[in-house]
Amino acid sequence: MKVLVINCGSSSLKYQLIDMSDESVICKGNCERIGIDGSFITHKANGGEWKVETSFPTHVEAFTKVVEMMTEGEGAVIKDKSEISAIGHRIVQGAEKFSEPCLVTDEVIQAIDDLSALAPAHNKAHAMGLRSAKAVFGEEVPNVVVFDTAFHATMPPKAYMYAVPYEFYEKYAIRRYGFHGTSHKYVSKVAADYLGKKPEELKIITCHLGNGASLAAVDGGKVVDTSMGLTPLGGFMMGSRSGDLDPSVVGYISEITGIKGNELTDYLTKKAGFLGVSGISSDCRDIEVAAKEGNERAKLVLDMYFYQLQKFIGSYVAAMGGLDCVVFTAGIGENSPTVREGVCAGLGYFGIEIDKEANKKRGDIVDITAEGAKVKTLVIRTNEELMIARDTVAVVSK
Ligand code: ADP
């Protein structure tokens, strides 16, 4: 069974074709600058890589080109698109409407579109991608949607409610949703398998640390709390996002600078975090280099980052009443020994201690737990595409 996994942005379309018999990647690629001049596709297959410049006025032309790359020329991996058994789409915001992956119907697409107010940068593009996929692949290939928010749907009200007037929740659906759920789900499951335990037996904190970043407290296989909120701007500081702020900061900035509403949200999304505090870069590698060279603001960024993560981890130990395992994943979590060491340095009291030599290793699963430490600390390579493909298979096999 071959599953095509799709991640649609407003001007991009990332794809991966996965053979579910051994979960191997058959081909993958990206269509960029859709609807903009200079659009192109990059396609990796059969050990080669191709970049083709071509016009993509909409996502329909992009999907058509993806099919062409998969079926024609040196990068071909299938004879016909009918060899694709199902298509799995990543959707950022499912809100309370979608707590599980589901089959796509016209009503489902409309509902995803209607949730755009809660994820303006993402859901509109996802709905466009779904309509285009249906136009290109027809009704024979089932489409499945997998939501970033779904794994967090188990949070209790005390964790997801904000202390605002209750009608804000009832009328406008203002609450914590959490994101990166597909990654938190994947790595928490891999961790349980690695430890030879059932998810029900474990209290795990999963740290998805990429440009966007979030933590989840996974108690008995279910999320009980997570750091991101109504949108992926919440939580701790990120590459260019502020994370949580005293809410009056927003009104005050607006008053003194004149930057308002969505523009201010955009500002706190793109100009804050590592970039805003350091004035150097949103990229963790640049911050680490600058800090080593003695740059005070880069050092401050790392100090703030470690401290904020430590406080979240401590609060999740309290939320779960214990801890068995911490997992680091995503760009920073998987690749930065400095960040892992900096975060764990303050957490000995909870039983988190890491082995400095093991912390330098790389791999799909690396156990960096110090000998005798009470809590297991693991580095696990995330694989959101594979998780989406597995969820897709589960839905179409029902
Ligand atoms: P996203 O998917 O949210 O865009 P990624 O998960 O790809 O982000 O993570 C990107 C981040 O990972 C960047 O901040 C980058 O600096 C960081 N990163 C990648 N490799 C390393 C490394 N070797 N050391 C430190 N940070 C790294």
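Remember, it's 1-based here, ligands and their atoms both numbered in the order they're listed.
Ion pairing between a basic and an acidic side chain is recognised when a charged N comes within 4.0 Å of a carboxylate O; Lys270 and Asp266 show such pairing. In this structure, Arg33 does not pair ionically with Asp37, as no charged nitrogen and carboxylate oxygen lie closer than 4.0 Å. At a threshold of 4.0 Å, the pair Lys28-Glu385 does not count as salt-bridged, since none of the basic side-chain nitrogens sits closer than that to a carboxylate oxygen.
The hydrophobic cluster containing Ile34 also includes Leu4, Ile6, Leu13, Tyr15, Leu17, Ile26, Ile41, Trp50, Val52, Phe56, Val60, Phe63, Val66, Val67, Met69, Met70, Val77, Ile78, Ile84, Ile87, Val136, Phe137, Val141, under a criterion of side-chain heavy atoms closer than 4.5 Å among ILVMFWY residues, counted directly or through chains of members.
Taking both residues in full, the closest heavy atoms of Ser188 and Phe151 are given as OG-CZ, 3.8 Å, listed atom of the first, atom of the second, then distance.
Side chain of Tyr194 to backbone of Leu378: no donor-acceptor contact under 3.5 angstrom is found.
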If you look at each N/O of ligand 1, which protein N/O atoms lie under 3.5 Å away, and at what distance?
residue: ligand 1; atom: 3 (O); partner: Asn211; partner atom: N; Å: 3.1
residue: ligand 1; atom: 3 (O); partner: Gly212; partner atom: N; Å: 3.2
residue: ligand 1; atom: 4 (O); partner: Asn211; partner atom: ND2; Å: 3.3
residue: ligand 1; atom: 6 (O); partner: Gly331; partner atom: N; Å: 2.9
residue: ligand 1; atom: 8 (O); partner: Asn211; partner atom: N; Å: 3.1
residue: ligand 1; atom: 12 (O); partner: Ile332; partner atom: N; Å: 3.3
residue: ligand 1; atom: 14 (O); partner: Cys284; partner atom: N; Å: 3.2
residue: ligand 1; atom: 16 (O); partner: Asp283; partner atom: OD1; Å: 2.3
residue: ligand 1; atom: 16 (O); partner: Asp283; partner atom: OD2; Å: 3.4
residue: ligand 1; atom: 16 (O); partner: Cys284; partner atom: N; Å: 3.0
residue: ligand 1; atom: 16 (O); partner: Arg285; partner atom: N; Å: 3.4
residue: ligand 1; atom: 16 (O); partner: Arg285; partner atom: NE; Å: 3.4
residue: ligand 1; atom: 23 (N); partner: Asn335; partner atom: O; Å: 3.3

